[in-house]
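Accompanying notes for the structure given below.
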Amino acid sequence: MSKESLFESLNPQQREALLYTEGPLLILACAGSGKTKVIAHKYAHLVKSRKCSPNSILALTFTNKAANEMKNRISSLSARDVENAWIGTFHSQCNRLLRREIRPLGYRPDFSIYDEDDQHTLIRHILREFRFHEALFKGVAARIGSLKSSLIGPDEFLSTGDGFGFDEKLAKVYMRYQDDLKRCNALDFDDLIGLTVALFEKYPEVLGKYKGIFSYILIDEFQDTNRAQYRLLKLLGCGGNISVVGDDDQSIYRFRGADVNNVFRFEEDFPGTKIIRLEQNYRSTQNILNVASAVISRNPMRKPKKPWSGREGGDRVYHCWLSNENEEARHVAKSIKELYLKGAYEFKDFAVLYRVNVQSRAVEEALRDEGIPYHIVGGISFYQRKEIKDIVAYMRLVMNQSDNVSLRRIINCPPRGIGAATVSKVENEAKKKALSLFEVIKSTVKTGSVTSGVKERLEGFVKLVDRLASGKYRTVADMIQDILEVSGYRETIDEDRMQNISELIASSAETDIKDFVDRVSLFTSLDDSGSGESAVTLMTLHSAKGLEFPVVFIIGIEEGVLPYFKAMDSADEINEERRLFYVGMTRAKDVLWLTGAGKRRLYAKFQDQEASRFLADIPRQYCEWIEKIRVSTVPPPVRPRTDSKRPFFPYVAGCRVRHPKWGVGVVRDCYGDGDEQKVMVNFPSIGIKKLVLRFANLEKI
DNA sequence: AAAACTCCTCTTTTT
DNA sequence: GAGGAGTTTT
């Protein structure tokens, strides 16, 4: 492709973004403004104009899907092989770098990568050993994860503790977790970023090497970076050879550590930053854009921007209030059918978006009743399935025999008579001698300090692993087949599970075994290839980011659902809910429906629902109200309620209370309502207690 | 080691 | 109201 045609399809701002290569550049890209296109074109331009040699541009995204899309675009623009280019997700490229450079940090290059599940297993194990709130493992993991994504180590965290015991214990768990990972020669997702940063900070010569390799840096979805990722960019991009593209209005992953403030910090940290705004929206009609803009403009702390659409007018945004969630779902299904029968749209042109996955149920039912094909995006990932994780654990243990988490997973799977008692014996031994579990097992087999039965079974296991480790497998398929046969795993699983394993094998093709394990670890969901049949898409608002559909329904726009009730007591979280709504609305090209229900069953109980506060921000002239239930029962879209109707708590997290028996403690959380109101209080003497407010007899101090 | 039972939780989830 | 996980039972 000629240089001219690289520009031809771009508007003036996009062109400017592409040509500005001499200093740090922040591209504020409104929804639907073609940001991915700009990055791909810029990459191609940098190579074409010989400003950068091929493979010297680091281009980072968040998802594998986005990375693949970028690779495809770039290779078709520049007719160049992108196999060895530094294009990929933050995690995959850090992994690539660490496989080469990690030694000085005390890990071996054959390290395992632990996903969230493995992380949970390990933390749970530690909590059990510490006899410390094992049930809270998820919360503890989340806490540790957020510390790690902010590059706060255990020691640093300890020094900021609240002095009430919990955080100190948490710091100990954190420290131990990090030690265990190292002992296992394993990295979790946060380590992939964090250790790359640590490497660069500790070893300037390594940083220098990579600054030499990367002559330019391109970042997509910049608003989703966390502190660690930002630090990485700062280290590598301080020379100013960096362009980042993002939209602060579309930051919806705060709960995962994403920090929108990076967008605001960028200008300060990269002096001389040029800002270019991509404000032309190529997706939605002006009406849809007006509605979305009206809602998002209520958020404080935004980068100012004026999105506009080349598509004047368009349908007004439809809004409809139904009596309950089934009526709502039926309404969605009927509307889809109606539009479909008019012939303007295929089923794949429709999307139904919701805040929480449970909302899909009613919609599924209604679509089935109408005979409308649909598919659901999200849910349990292929790679999270037990049988897949088991097989991968075998592979990991074979490649990294320090991997205790994988060993524990499969030592008795299939059952080979090595029970909990034996394992915990081995664990104690391992702790004493600072060896890995597998090493201890091997020496136990040699010295025979256990009963002959146990010894025999352990020996069988060692032989199994050794056999697999010495196997000269050409392909992933060979290795997995051997694992299935030799371990006896195959006999223990049913048809369905075997089917999944076959799929795993099929997906491996001719991939190198090590690359395959990395890929499996760094993938979350298998590309839903889809059956090819045209079908309505159902998914959460989060999953919808980056996509577009001609007709979009956003359902459950009610207080408690959107914004979700858990987010309602913090202004920051409300703002994020608003952004989520904004992301949803800006997915629509032609038609946007906003619906809600007056009654809804959430979990066990029915609830009366009020219209979402966000609806009150929509100017009436862009909207059309469709009356489905009697006007008297239609709740007008009111301003946000005062707190009077929300469950009221006499305490807030952080305040101190006195308990007649346990003395003074700190409130950590308040939840539930009515007679079920509960508080979680941390008492220094005994730790965390959950108390029913009615009975607790607490005194505020 | 499977089956039965009880208890708990229940937002979103790029890697 | 349902699914997951831990515990107890057989």
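Predicted, not measured: the structure shown is a model, and the values here were computed from it. Order of the sequence lines sets the chain letters (A, B, ...), proteins ahead of strands, with each chain counted from 1.
- For the salt bridge (charged side-chain N to carboxylate O under 4.0 Å, His left out) test, residues two or more places apart in sequence or in another chain that qualify with A:Arg128 are A:Glu134.
- Residues passing the side-chain hydrogen bond (donor to acceptor under 3.5 Å, both in side chains) test with A:Glu427, sequence neighbours excluded: A:His125, A:Arg408.
- Here A:Glu325 does not pair with A:Arg361 in a salt bridge; the nearest charged N to carboxylate O distance is not below 4.0 Å.
- When distances are taken from the side chain of A:Tyr564 to each of B:dT13, B:dT11, B:dT14, the shortest belongs to B:dT11.
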Its dot-bracket string being built from Watson-Crick and G-U pairs below 3.5 Å, with | for another strand and [ ] for crossing, DNA chain B has the pattern ||||||||||.....
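- Rounding to whole angstrom units, CZ of residue A:Arg355 and P of B:dT11 are separated by 10 Å.
- Residues passing the salt bridge (charged side-chain N to carboxylate O under 4.0 Å, His left out) test with A:Arg265, sequence neighbours excluded: A:Asp259.
- Across all strands, A:Glu116 comes closer than 4.0 Å to base atoms (heavy-atom distances).
- For the salt bridge (charged side-chain N to carboxylate O under 4.0 Å, His left out) test, residues two or more places apart in sequence or in another chain that qualify with A:Asp403 are A:Arg396.
- We find that CD of A:Glu577 is positioned 12 Å from P of B:dT13, with the value rounded to whole Å.
- When each of A:Ala567 and A:Phe62 is assigned the nucleotide of DNA chain B with its nearest heavy atom, A:Ala567 is the one assigned upstream, toward the 5' end.
- In this structure, A:Asn357 reaches the B:dT12 phosphate: one of its side-chain N or O atoms is under 4.0 Å from OP1 or OP2.
- Separating the CD atom of A:Glu573 from the P atom of B:dT12 is a distance of 14 Å, rounded to the nearest angstrom.
- Nucleotide B:dT13 holds its P atom 18 Å from the CG atom of A:Asp190, rounded to whole Å.
- For the pair A:Gln359 and A:Gly556, the tightest heavy-atom approach, listed with the atom from each and the gap, is NE2-CA, 3.7 Å.
- Under the side-chain hydrogen bond (donor to acceptor under 3.5 Å, both in side chains) criterion, A:Asp248 pairs with A:Lys305, sequence neighbours left out.
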Nucleotide N/O of nucleotides 1-6 of chain B paired with protein N/O under 3.5 Å:
none

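- Considering only residues two or more places apart in sequence or on other chains, A:Arg490 meets the salt bridge (charged side-chain N to carboxylate O under 4.0 Å, His left out) condition with A:Glu485.
- Atom NZ of A:Lys65 and atom C1' of B:dT13 are 15 Å apart (whole Å).
- Proximity of A:Thr61 to the phosphate of B:dT14: no side-chain N or O atom is located under 4.0 Å from OP1 or OP2.
- With sequence neighbours excluded, the residues forming a side-chain contact (heavy atoms from CB on, under 4.5 Å) with A:Ala59 are A:Tyr43, A:Met70, A:Ile87, A:Leu218, listed by chain and number.
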A correct 5'-to-3' footprint of nucleotides 1-10 of chain C, with B, S and - meaning base, sugar-phosphate only and no protein heavy atom under 4.0 Å, is B---SS----
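- The interatomic distance linking A:Arg600 (CZ) with B:dC10 (C1') rounds to 15 Å, in whole Å.
- With DNA chain B read from its 5' end, the first of the two nearest nucleotides for A:Leu580 and A:His91 is the one closest to A:Leu580.
- The phosphate of B:dT13 (OP1 or OP2) has a side-chain N or O of A:Thr540 nearer than 4.0 angstrom.
- For the pair A:Phe255 and B:dT13, the ring geometry does not qualify as stacking, because the centroid separation below 5.5 Å and plane angle under 30° are not jointly satisfied.
- The side chain of A:His542 sits closest to B:dT13 out of B:dT13, B:dT11, B:dT14.
- What separates CG of A:Asp115 from P of B:dT13 is a distance of 16 Å, to the nearest Å.
- Seen from the ring of A:Phe137, A:Arg124 counts as a face-on cation partner, given the 6.0 Å and 45° thresholds.
- Annotation: side-chain hydrogen bond (donor to acceptor under 3.5 Å, both in side chains) contacts of A:Glu548 (sequence neighbours excluded): A:Arg283, A:Lys589.
- By the side-chain hydrogen bond (donor to acceptor under 3.5 Å, both in side chains) test, A:Asn500 pairs with A:Arg385, A:Glu387, sequence neighbours left out.
- Straight-line distance from the CE atom of A:Met568 to the C1' atom of B:dT11: 13 Å, rounded to whole Å.
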